[in-house]
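Okay, so here's the structure we're looking at.
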Amino acid sequence: MSLAQVHYTSAAPGDAGTAGRFTAVGPGVSGALLAEIEPLLRYELPEGVADRPSDGELRSLPQAFTYAVLSDGSRLVSRSAPVRATGGGVGPGVRFHAHAVHLPPGVPLPGDRLPVEAWRSPHWVAVTPGGAIPDPLTLPPGPTAVSEGLDDFAVSRGPWLAAVLADLRRASEPTESGGRPVVLVERQCADVARWLGLASVTLPRESTERLTFTTYTRRPGSSAARVVGVMPEDAEAARAAGLRVHVCAEQPPSGGGADDTWAATAARVWRSRSPELFREARELPGEPFAAGPLAVTALCAGIALGPDGRTAAAGWAADRPYALDAKRTGQLVEALTSPGIDDRTGPEFDAAGRLFGALEGRCPAAVTAPLAAMLVTEAVRGGNGSLELPRRDAFVGPEGAAVAERLAPEILTELSDTAVSRAVARTVQLLRVARLLGVDGTDALPGVVDRLAPALLAEAAAEGATDAPDFAPALLELLDEQFEVRTALLGALDRIAPQDPRAVARFLERVALPFTGTQALPHLRMCAEVPGAMATLGGDRAAVWHRVLRAAGLSPFAEPLVLRTAVGLVWEDRAPTVEEARLLLDAATSDSHRVAGTWARLVDAALGAPAAEASATGTPAGPPSASTDEAAALAHDLLRGFPGEIGGRERAGLLLLDLVRELRTGAPDPGWAETVRTLCAQADPVEPALRERAHTALVERLLAPDRPGAELYDFVHGDDAELIAAYDRAARSETVRTRLRTQPAYAADCFTVWTAHPHAGRTWPPVATALLDEVLRPAVRAMSAEDVAEVEATVGRTGSSGRADAFRTWNRSSTLGRLGRRIAGRVRRG
C-alpha cells in the first residue's frame with residue numbers, strides 16, 4: 001500500500017516566530033497529526049558551526065534519524081538533515097530539511113524492515129520534490145548500510161557494550177516510560193544508529209519495535225524517544241537532567257554491565273563476531289532476556305564466558321536437561337569443565353552440581369565424568385561444603401581412578417591434621433568425598449569423629465536459631481551413607497552428652513540423628529526423651545527424671561553417668577528442691593553419685609533450701625516445716641556419704657544445717673553460739689536462708705526452759721549483736737507471749753534470765769530490759785493473783801530470796817504504776 005510522506009523545512013526569510021513549515025503532506029495525514037509530528041522534525045544545529053560551511057563540513061554535520069509512535073498508534077520514520085541555505089534559515093548559510101514517512105497502525109515498512117534499517121536509504125531527500133510526491137518510499141533489497149560493519153563497531157565499543165545493551169533492553173520493555181530516555185553520546189550520529197543496529201540484532205523483534213529513538217538532539221531531557229543520541233558537548237546537560245548517559249566518545253569505563261548477566265553475555269557474543277547466535281538462543285526455551293539460553297549457545301559455540309554466564313548456562317541446562325541434543329550437551333559440559341578456567345565461584349559450582357544431577361543417568365558416563373571430577377576436586381580443594389556430590393558409580397573407570405589418586409593424599413592429610421580447626425560442613429564433605437573415591441580413612445576416623453562431635457554442638461549453638469543448622473542435610477546424608485561413621489560419631493556424642501546434656505538435647509531437637517538401631521547410646525536416648533517428657537509431665541520434675549532415666553535403658557548402679565545426664569537434663573542450671581534431692585540420693589549409692597559428680601547438686605539443694613516456715617519459739621508461728629527438717633536431715637546424710645568430696649564453705653554450710661538438726665532433736669556438743677558463729681564465718685558467703693535457720697534454731701533452744709545455763713551464759717556474754725537480735729525477735733513471738741501468760745514457771749525462768757546479766761557487754765542489757773518491760777510485764781499483768789504468786793515463789797526457789805524480792809519490787813512498780821494511772825483517771829473525770 002502507499003505510505004504517506006511529509007516534507008518539512010526550516011522557516012524562510014520573513015517567517016518570524018516559526019521554526020519551519022510543511023512543504024508537502026501526503027494523503028491521510030490530518031492536521032492534528034501534523035501538530036504532533038512537527039516537533040519531531042525540527043532540527044537544531046550543533047554549537048560552533050561555521051557561517052558558510054564547506055561541502056565537507058556540511059556533510060559532517062549530524063543528521064537526526066527518528067522513529068516515533070504517535071498518539072493514534074501510527075508511527076513515523078523521518079530524517080532531518082542540514083542543507084545549504086539560499087538565505088535566512090536556521091543559521092547563516094545553513095537550513096534543514098526533514099523527510100518523513102507515516103506508517104498507519106499495523107502497516108510495516110516495505111519488506112517488513114525495522115525502522116533502523118531505513119538509515120542511509122537512498123530515497124531520503126533533502127529537497128521537497130516538485131509536483132506529486134514519489135509513491136511509495138521503497139528501501140533497497142538486502143542489508144542496508146546500518147547493518148554493515150556492526151561486528152567491527154561492536155568490537156570497537158567493547159568497554160561500553162554490556163552497559164549499553166542492558167539499558168537498551170530495559171528501554172525496550174513494554175512498561176518503560178518514554179519520558180526518561182537512554183542517552184548515547186557519540187561524535188557521529190551514524191554511530192548512534194549503529195548502536196540501534198546492534199539492538200535490533202540482539203533484542204527480539206517486538207522489543208526492537210518498541211525502541212523509539214532519535215540519533216541526534218540538542219535537548220535530550222525533553223525528548224519523548226526511549227533512546228536519544230547527543231554530541232559530546234551536550235552530555236553534561238543530559239547528566240544534569242538526571243538521565244542515564246553513556247559517553248562512548250571518551251575514555252572507556254573501568255567496568256559496566258557486570259550486574260546484568262544477559263547483557264554481559266550478549267557483549268561477549270558481539271566481541272566474538274557471532275551475532276547469529278542471538279537467533280539460535282531465541283529458539284531455546286526460556287524468557288526473552290534470560291541469560292541461560294544465550295550463555296548456553298555462546299559456550300557451545302566456543303565463546304568463553306565469565307562466572308555469571310557459566311552459572312546461568314549450567315542452571316538453565318539443569319532445569320531443562322532434554323532441551324539440548326547430545327552434541328550440544330557434550331559441548332556445554334566441555335566448556336564448563338575446561339581446565340583453563342580459574343575463576344569459578346560457589347554459585348557456579350552449585351549450578352554445575354545441579355546439572356550433573358540432571359544429566360546423570362540420562363547421558364553416558366563419559367559425558368558427565370568431567371563434571372563429577374570437577375565437583376569433587378572443588379569439594380576437596382575449594383572448600384565448597386554446599387556442593388551436591390555425585391554418586392559413587394560416577395567414578396567407575398579410569399576417570400575415577402585418576403581423580404582418587406590425585407585427591408586421596410590431600411583428603412587424608414587434612415582429616416588427620418589436628419592443628420587446624422575445621423567447620424563441620426568441611427569435615428562432612430571430606431568424609432563423603434573420601435567414600436565417594438574409595439579412600440581408606442579407617443585409621444583417621446576415631447580422631448576425626450572425636451573432633452567432629454563437639455564441633456556439631458558448638459556450631460549449632462552459635463547459629464542461635466531453632467531451625468536445623470546449615471550443615472544438617474549433608475550430615476544426615478553422611479550418616480546414611482557410611483555406617484562406620486554413624487556408629488563412631490553417635491558413640492562420641494554419647495560420651496560427651498553427660499558433660500552438657502542440655503546442649504545435646506537442644507541439638508537433637510534440631511537435627512534428628514538416626515540412633516534407633518542396636519547401639520546402646522543411653523545418654524543420647526535420654527537427651528532425645530526429655531522434650532517429650534517435659535511436654536507431657538509439665539512441672540513434675542521428679543516424674544520427668546524417672547521417665548528420662550528409664551529411657552537410658554541402664555541402671556545408675558551399672559552406669560553412674562546416666563545420673564549426671566538425667567540431672568543435667570531435668571534441672572540444667574537449677575538446684576533440685578530438698579525433696580527432689582532426697583529422691584536423687586535414694587536412687588543410687590553414694591559411690592554412683594560420687595562417680596557421676598551429682599553429689600554437688602545435692603549439696604546445692606540442701607544449702608539453697610528456703611528458711612523455716614514455722615518454728616517452736618521463733619519469729620514464725622508453728623512447728624518447723626517439713627522442708628526445714630528434710631534439709632537438715634539431707635545435710636547430715638551428705639556429710640556421712642561424701643566426707644572426702646565436700647569441703648570448704650559447702651562443708652561448713654552443711655555442718656550448720658546438721659547443727660540445726662541437733663539443736664532441735666538432740667544434744668549437740670557444747671559451745672552452740674560459738675559453733676554457729678564459726679561455721680557462718682567458714683561458710684561465708686552464707687546463704688541468707690541458711691543463716692536465718694541456724695540463728696532461729698539456736699535462739700529457740702536458748703529460749704527453752706531446759707537449756708544449759710552455760711550455753712546461755714556464753715550466748716549472753718558473746719555480745720553477738722546479730723544473734724542477740726534474733727533472740728529478741730524470737731522472744732517477742734506470739735508463741736513465747738502465750739507461754740509466758742499461761743506457764744508461771746516459764747515466766748519465772750525468763751525473769752531470772754533477763755535480769756541475771758545486767759553488765760554482759762553492750763548489746764544484751766538493753767535487749768533484756770526491753771523484754772522485761774515490753775514482753776514479760778504485759779504477760780504478768782494478765783495473770784491471776786495465784787499465778788503471780790506462783791511466779792514469785794518459783795523465782796525464789798530457783799534463785800534466791802533476793803531474786804524473789806527483786807521480782808516483788810519489779811512487779812510492785814508495775815502495780816503502782818497501774819494504780820497511779822487509775823487515780824489520775826478518776827481525778828480527771830471528777
Side-chain angles (χ1 to χ4, degrees), residues 450 453-454 456-457 461 490-508 513 515 519-534 537 540-609 630-631 633-651 653-655 657-658:
D450 283 344
L456 292 174
L457 305 180
L490 294 179
L493 284 171
D494 192 69
R495 288 191 296 274
I496 67 176
Q499 310 304 322
D500 192 354
R502 286 301 301 174
V504 177
R506 286 189 289 268
F507 177 76
L508 292 179
L513 294 181
F515 56 87
Q519 274 184 280
L521 305 174
H523 304 285
L524 286 186
R525 297 182 190 279
M526 295 166 75
C527 293
E529 182 70 22
V530 71
M534 287 185 170
L537 301 174
D540 190 347
R541 291 186 293 189
V544 172
W545 182 78
H546 278 297
R547 178 168 162 181
V548 168
L549 198 59
R550 285 196 301 271
L554 291 176
S555 165
F557 298 98
E559 175 52 76
L561 285 182
V562 299
L563 281 173
R564 181 190 300 179
T565 302
V567 169
L569 288 171
V570 177
W571 284 277
E572 198 169 0
D573 56 352
R574 299 167 294 177
T577 65
V578 172
E579 293 81 2
E580 292 167 346
R582 172 58 64 184
L583 170 69
L584 294 175
L585 184 61
D586 295 342
T589 63
S590 59
D591 288 339
S592 297
H593 283 289
R594 190 175 293 109
V595 173
T598 46
W599 59 268
R601 293 294 190 99
L602 308 181
V603 171
D604 292 341
L607 297 180
E630 289 182 6
L634 178 62
H636 179 74
D637 292 344
L638 291 176
L639 288 169
R640 288 193 310 166
F642 309 100
E645 288 72 29
I646 303 174
R649 61 173 298 274
E650 287 80 11
R651 182 174 186 81
L654 293 180
L655 288 173
L657 273 175
D658 196 38

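Along the sequence shown, residues are numbered consecutively beginning with 1.
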>> Under the criterion side-chain contact (heavy atoms from CB on, under 4.5 Å), I'd like the reasoning laid out for Phe642 against Ser590: C-alpha separation, chi angles, the key distance, then a yes or no.
In response: CA-CA 7 Å; Phe642 309 100; Ser590 59; 3.8 Å; yes
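- The line from CZ of Arg601 to CZ of Arg564 is 10.5 Å long, rounded to the nearest 0.5 Å.
- For the residue pair Trp571 / Glu580, a side-chain donor-acceptor distance below 3.5 Å is found, with atom types taken as modelled.
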>> Apply side-chain contact (heavy atoms from CB on, under 4.5 Å) to residues His636 and Arg640 and explain how you reach the verdict.
In response: CA-CA 6 Å; His636 179 74; Arg640 288 193 310 166; 3.9 Å; yes
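- Atoms CG and CG, on Leu638 and Leu585 in that order, are 6.0 Å from each other to the nearest 0.5 Å.
- Summarising the geometry of Gly641 relative to Arg594, their closest heavy-atom pair is O-NH2, 2.7 Å, with the distance given to 0.1 Å.
- The minimum heavy-atom distance between Leu634 and Ala581, with the atom names listed, is CD2-CB, 3.7 Å.
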> Which is it for Asp637 and Arg582 under the side-chain contact (heavy atoms from CB on, under 4.5 Å) test, yes or no, and what are the steps along the way?
Replying inline: CA-CA 10 Å; Asp637 292 344; Arg582 172 58 64 184; 2.8 Å; yes
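- Atom CG in Leu493 sits 12.0 Å away from atom NE2 in His523 (nearest 0.5 Å).
- The heavy-atom pair separating Pro498 from Pro501 by the smallest distance is O-CD, 3.7 Å.
- Closest approach of Cys527 to Leu508, counting heavy atoms only: CB-CD1, 3.8 Å.
- Note that CD of Gln499 and CG of Leu457 are 11.5 Å apart. Values are rounded to the nearest 0.5 Å.
- In this structure, Asp658 contributes its side chain and Ala635 its backbone to no donor-acceptor pair below 3.5 Å.
- Applying the salt bridge (charged side-chain N to carboxylate O under 4.0 Å, His left out) rule to Asp604 yields no partners; only residues at least two apart in sequence or on another chain are considered.
- How far CZ of Arg541 is from CD of Glu579: 10.5 Å, rounded to the nearest 0.5 Å.
- Contact record, Ala606 with Leu654: CB-CD2, 3.9 Å, taken as the closest heavy-atom pair.
- In this structure, Leu513 CG and Leu521 CG are separated by 10.0 Å, a value rounded to the nearest 0.5 Å.
- Arg495 places a side-chain heavy atom less than 4.5 Å from the side chain of Asp450.
- Closest non-hydrogen pair, Val570 versus Trp545, comes out as CG2-CA, 3.8 Å.
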Identify all side-chain donor-acceptor contacts of residues 553-563 below 3.5 Å with residues at least two apart in sequence or on another chain.
unit_1, atom_1, unit_2, atom_2, d
Ser555, OG, Phe557, N, 3.0
Glu559, OE2, Leu561, N, 3.1

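- Here Arg649 pairs with Glu687 under the salt bridge (charged side-chain N to carboxylate O under 4.0 Å, His left out) rule; sequence neighbours left out.
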